[in-house]
Trainee: 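First, the structure itself, so that you have it in front of you.
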Amino acid sequence: QVQLVESGGGLVQAGGSLRLSCAASGSIFSINVMGWYRQAPGKQRELVATITSDGRINYADSVKGRFTISRDNAKNTVYLQMNSLKPEDTAAYYCNLRRRRSGEDYWGQGTQVTVSS
């Protein structure tokens with residue numbers, strides 16, 4: 001019912017920047033939470049940042065001050081601007097959408113971010 005397509009992953013040097021995008025399509029309800037999660041090999045998937053439809057934002061402590069999440073409701077798109085990247089940020093990054101009232105979760109296929117030291 002909802003499809004999420006991510007883009008923007010790649011290889012970057014430590015200290016560099018990268019911008020991820022996630023476009024949603026399908027049966028999207030206006031009241032929702034969109035966000036980014038990441039998973040490194042051998043580790044559990046963890047929250048990076050979320051943003052609600054009315055603009056409330058939450059960041060993981062490890063990325064606070066370096067990453068910025070934003071969304072364009074007219075385009076049904078969420079962005080993640082990543083600055084001052086560290087090798088520890090290397091992971092597969094997944095886009096997520098959760099309908100607030102139904103609790104339904106939707107996930108993108110993931111995009112790889114690799115930070116070289």
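Not measured: the values here are computed from a predicted model.
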Trainee: Return the minimal non-hydrogen interatomic distance between A40 and A91, and the atom names on each side.
Mentor: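 Of all heavy-atom pairs spanning A40 and A91, the closest is N-CB, 3.9 Å.
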Trainee: Side chains of R45 and W107: closer than 4.5 Å at any heavy-atom pair?
Mentor: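 Answer yes - side chains close enough.
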Trainee: Kindly compute the distance separating CE (M34) from OG (S70), expressed to the nearest 0.5 Å.
Mentor: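 Going from the CE atom of M34 to the OG atom of S70 covers 11.0 Å.
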Trainee: Please lay out, stage by stage, how S53 and N32 fare under the test side-chain hydrogen bond (donor to acceptor under 3.5 Å, both in side chains).
Mentor: CA-CA 6 Å; S53 52; N32 59 60; 5.2 Å; no
Trainee: Could you measure the distance from the OH atom of Y94 to the OG1 atom of T111? Nearest 0.5 Å is fine.
Mentor: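 One finds 10.0 Å between OH of Y94 and OG1 of T111.
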Trainee: For atom CZ of R98, is the number of surrounding heavy atoms from other residues, nucleotides or ligands below 6.0 Å larger than 12?
Mentor: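 12 or below, so no.
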Trainee: Rounded to the nearest 0.5 Å, what separation is found between the CD1 atom of I28 and the CG atom of N76?
Mentor: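 Those atoms lie 4.0 Å apart.
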Trainee: Backbone N or O of S84 within a donor-acceptor pair of the R66 side chain at under 3.5 Å?
Mentor: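 Side chain of R66 to backbone of S84: a pair is present.
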Trainee: State whether K86 and D89 are salt-bridged, where the test is any N-O pair (Lys NZ or Arg NE/NH1/NH2 against Asp/Glu carboxylate O) under 4.0 Å.
Mentor: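 A salt bridge is absent here (no side-chain N lies under 4.0 Å from a carboxylate O).
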Trainee: With sequence neighbours left out, write down each residue that passes salt bridge (charged side-chain N to carboxylate O under 4.0 Å, His left out) with R71, or none if nothing qualifies.
Mentor: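 For R71, no residue satisfies salt bridge (charged side-chain N to carboxylate O under 4.0 Å, His left out) once neighbours in sequence are set aside.
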Trainee: Are R38 and S62 close enough that some pair of their side-chain heavy atoms sits under 4.5 Å apart?
Mentor: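 R38 reaches S62 side chain to side chain.
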Trainee: Minimum heavy-atom separation for L80 to A49, with atom names?
Mentor: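 That would be CD1-CB, 4.4 Å.
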Trainee: Excluding sequence neighbours, so at least two apart, what forms salt bridge (charged side-chain N to carboxylate O under 4.0 Å, His left out) with E88?
Mentor: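 E88 satisfies salt bridge (charged side-chain N to carboxylate O under 4.0 Å, His left out) with no other residue.
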Trainee: Using a 3.5 Å distance criterion without hydrogens, assess whether the side chain of E6 forms a donor-acceptor pair with backbone atoms of Q109.
Mentor: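 Confirmed, E6 side chain pairs with Q109 backbone.
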Trainee: Can you name the closest pair of heavy atoms from L97 and L4 and give their distance?
Mentor: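 Heavy-atom minimum between the residues: N-CD1, 3.8 Å.
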Trainee: In Å, rounded to the nearest 0.5 Å, how long is the span from CZ of R99 to CD of Q1?
Mentor: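 CD of Q1 is found 5.0 Å from CZ of R99.
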Trainee: Is the shortest side-chain heavy-atom distance between M82 and V63 below 4.5 Å?
Mentor: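 Answer no - side chains too far apart.
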Trainee: With rounding to the nearest 0.5 Å, note down the distance linking CG in L20 to CD in Q81.
Mentor: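 Going from the CG atom of L20 to the CD atom of Q81 covers 9.0 Å.
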Trainee: With a 3.5 Å cut-off and no angle check, do the side chains of Y37 and Q39 form a donor-acceptor pair?
Mentor: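 No.
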Trainee: Relative to F29, does R101 satisfy both conditions: NZ or CZ under 6.0 angstrom from the six-membered ring centre, and within 45 degrees of the ring's axis?
Mentor: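 Judged by the rule, R101 and F29 form no cation-pi pair.
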Trainee: How long is the straight-line distance from CG of N96 back to OG1 of T50, given to the nearest 0.5 Å?
Mentor: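 Reported value, rounded in 0.5 Å steps: 9.0 Å.
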Trainee: Show every ring-ring contact (aromatic ring centres under 6.0 Å, His included) that has at least one partner inside residues 58-92, sequence neighbours left out.
Mentor: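 Non-adjacent pairs meeting ring-ring contact (aromatic ring centres under 6.0 Å, His included): zero.
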Trainee: Just by modelled atom types, is the V115 backbone N or O under 3.5 Å from a matching donor or acceptor in the T90 side chain?
Mentor: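 Answer holds: yes.
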Trainee: Taking a hydrophobic cluster as the set of Ile, Leu, Val, Met, Phe, Trp and Tyr residues connected by side-chain heavy atoms closer than 4.5 Å, whether directly or through intermediates, do I57 and W36 fall within one such cluster?
Mentor: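 Yes: a chain of side-chain contacts under 4.5 Å links I57 to W36.
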